[in-house]
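Everything below concerns the one structure shown next.
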Amino acid sequence: MTRHVFAGWDGSIAGARALQERLAARVVLEDRVPAAPRTIAGFDVGFEDEGHTTRAAAVLLEGTSLQLIASTVQRVPTSMPYVPGLLSFRELPALVQALEFLPQVPDLVVVDGQGIAHPRRLGIAAHFGVVTGLPTLGVAKQVLCGRFEAPGPQPGEHTPLIHRGEQIGWALRSKLRCNPLIVSPGFGMTMDGALAWTRALLRGYRLPEPTRLADRLASRRGPMPDDTPQLPLA
DNA sequence: GCGACAG
DNA sequence: ATCTTGTCGC
């Protein structure tokens, strides 16, 4: 499975970075998000067994009410250590498996991590989009690269995230007295769309609903949804 | 060379 | 990410 997700990767660190540069050229930053998404999914990853097991959680929400429709938790053996800038090589295989176990393909995907706000413009959300072709949005709790002025204290206030003279994302104050979120388009979305969608998916918490719910599942917190029988789609 | 460094 | 209770501040 991993060899299909990372086709052409020789397994080395240098090879991973080279692959990122090739895939980054395939990132589409034009709007491909349906006007009214029927479903929106949230993805996040957690670990068990001292990190030996990677646990990916995916939640499927109704597009307008953001009510939970379905969810899945998939476990796969951890294959790589965490290397700053190469997060997708560690977590993407589990995320793709979780996508395959959702009852239907979502119209929009929100991933916990960077979109193009990455040294080579291929954070895990962008990589996820290039691999699946689905519109994706990256919402991270911390910055990986780039600088930004602190956004004002009011929810909704935002400032551009700049790296090497270009805007790669936004710092968004999603909630009063909380550190800003770092948001950036992943695939099939514009820079402005990333900001607008993140704001539209907030429901009073620091994290947008899709990511917030996936986070609770991946980290084994909060009420766990009923496990509907799991069978892969395709 | 030194510091930074998603999860 | 994960190990972990109470605690300070709003």
Side-chain angles (χ1 to χ4, degrees), chain A residues 5-6 13-14 16-17 19-20 23-24 27 42-59 73-98 109-131 136-148 152-155 161-164 167-187 194 198 204-208 210-222:
Chain A
V5 178
F6 303 125
I13 297 299
R17 296 196 175 108
L19 178 55
Q20 290 184 320
L23 296 181
V27 171
F43 290 78
D44 190 28
V45 166
F47 296 89
E48 304 175 354
D49 303 312
E50 310 167 354
H52 293 309
T53 299
T54 298
R55 181 181 54 240
V59 295
V73 174
Q74 295 297 313
R75 276 162 246 264
V76 306
T78 301
S79 58
M80 220 190 101
Y82 166 67
V83 178
L86 300 182
L87 181 68
S88 61
F89 288 82
R90 173 177 166 83
E91 305 186 344
L92 196 56
L95 292 184
V96 170
Q97 183 171 316
V109 167
V110 185
V111 181
D112 183 56
Q114 315 295 344
I116 62 168
H118 176 281
R120 290 167 292 284
R121 308 295 184 262
L122 195 82
I124 190 166
H127 197 157
F128 188 105
V130 169
V131 166
T136 64
L137 163 65
V139 177
K141 304 175 204 64
Q142 297 279 285
V143 62
L144 171 60
C145 71
R147 300 188 54 176
F148 65 90
Q154 298 308 316
L161 173 64
I162 308 294
H163 182 56
R164 296 178 188 169
Q167 182 177 4
I168 58 175
W170 306 91
L172 169 67
R173 187 77 65 188
S174 57
K175 183 183 180 184
L176 198 60
R177 284 175 245 98
C178 282
N179 291 322
L181 252 32
I182 303 302
V183 314
S184 60
F187 185 90
T198 301
Y205 295 91
R206 179 160 89 121
L207 298 179
T211 293
R212 188 179 76 84
L213 295 179
D215 226 80
R216 298 172 48 166
L217 262 190
S219 299
R220 298 185 141 313
R221 287 171 294 166

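So that the names make sense, note that chain A is the first sequence line, chain B the second, and so on, each numbered from 1. Quick caveat: nothing in here was measured; it's all calculated off a predicted structure.
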Item to complete: Kindly say whether A:A218 contributes a backbone atom to a donor-acceptor pair with the side chain of A:R55 at under 3.5 angstrom?
Response: yes
Item to complete: Provide, to the nearest angstrom, the distance between the CZ atom belonging to A:F128 and the C1' atom belonging to B:dG7.
Response: 16 Å
Discussion item. Parallel, tilted or perpendicular: which one describes the rings of A:F43 and A:F128, with boundaries at 30° and 60°?
Written reply: tilted
Item to complete: May I ask you to verify if any side-chain N or O of A:R120 is less than 4.0 angstrom from the OP1 or OP2 atom of B:dA6?
Response: no
Worksheet item: A:K141 side chain: which of C:dC10, C:dA1, B:dA6 is closest?
Response: C:dA1
Item to complete: Flag this pair as yes if the NZ/CZ of A:R90 is under 6.0 angstrom from the six-membered ring centre of A:F47 and inside a 45 degree cone about the axis; otherwise no.
Response: yes
Worksheet item: Is it true that the side chains of A:T53 and A:D49 contain a donor and an acceptor less than 3.5 Å apart?
Response: yes
Practice prompt. Using atom CG of A:D44 as one end and atom P of B:dA6 as the other, report the distance to the nearest whole Å.
Written response: 15 Å
Worksheet item: Rounding to a whole Å, what distance do you find between A:E50:CD and B:dG7:C1'?
Response: 18 Å
Item to complete: May I have the distance from A:Q142 (atom CD) to B:dA6 (atom P), rounded to whole angstrom?
Response: 7 Å
Discussion item. I need the CG-P distance between A:L161 and B:dA4, as an integer number of Å.
Written reply: 18 Å
Worksheet item: Ring stacking, A:Y82 with base of B:dG7, under 5.5 Å and under 30°?
Response: yes
Discussion item. For a quick check of understanding: with a heavy-atom distance under 4.0 Å over all strands, which category does A:I124 fall into, base, sugar-phosphate or nothing?
Written reply: base
Worksheet item: How is A:G51 classified with respect to the nucleic acid when contacts are heavy atoms under 4.0 Å: base, sugar-phosphate, or nothing?
Response: nothing
Worksheet, complete the sentence: A:D215 CG to B:dA6 C1', in whole Å, measures 13 Å
Worksheet entry | Partner of A:F187 by side chain to side chain contact (heavy atoms under 4.5 Å, CB included), out of A:V130, A:L137, A:L122 | A:V130
Fill in: Comparing A:E48 and A:R177 on DNA chain C - which has the more 5′ nearest nucleotide
A:E48
Fill in: Protein-nucleotide distance (A:I182, atom CD1; B:dG7, atom P), rounded to Å
10 Å
Worksheet item: Between B:dA6, C:dT2, B:dG7, which one does the side chain of A:L144 approach most closely?
Response: B:dA6
Worksheet item: So what does A:V143 hit on the nucleic acid, given a heavy-atom distance under 4.0 Å: a base, only sugar-phosphate, or nothing?
Response: sugar-phosphate
Item to complete: Indicate, with a heavy-atom threshold strictly under 4.0 Å, whether A:Q114 touches base, sugar-phosphate, or nothing.
Response: base
Worksheet entry | Donor-acceptor pair, side chain of A:Q20 and main chain of A:G85, under 3.5 angstrom | yes
Worksheet item: Which part of the nucleic acid does A:L86 contact within heavy-atom distance under 4.0 Å: base, sugar-phosphate only, or nothing?
Response: base
Discussion item. Mind checking if A:R147 touches a base, just sugar-phosphate, or nothing, with heavy atoms under 4.0 Å?
Written reply: nothing
Discussion item. Please classify the nucleic acid contact of A:F47 as base, sugar-phosphate, or nothing, using heavy-atom distances under 4.0 Å.
Written reply: sugar-phosphate
Fill in: Nucleotide B:dA6, atom P - distance to NE2 of A:H163 in whole Å
14 Å
Worksheet item: What nucleic acid atoms does A:G46 come within less than 4.0 Å of, heavy atoms only: base, sugar-phosphate, or nothing?
Response: sugar-phosphate
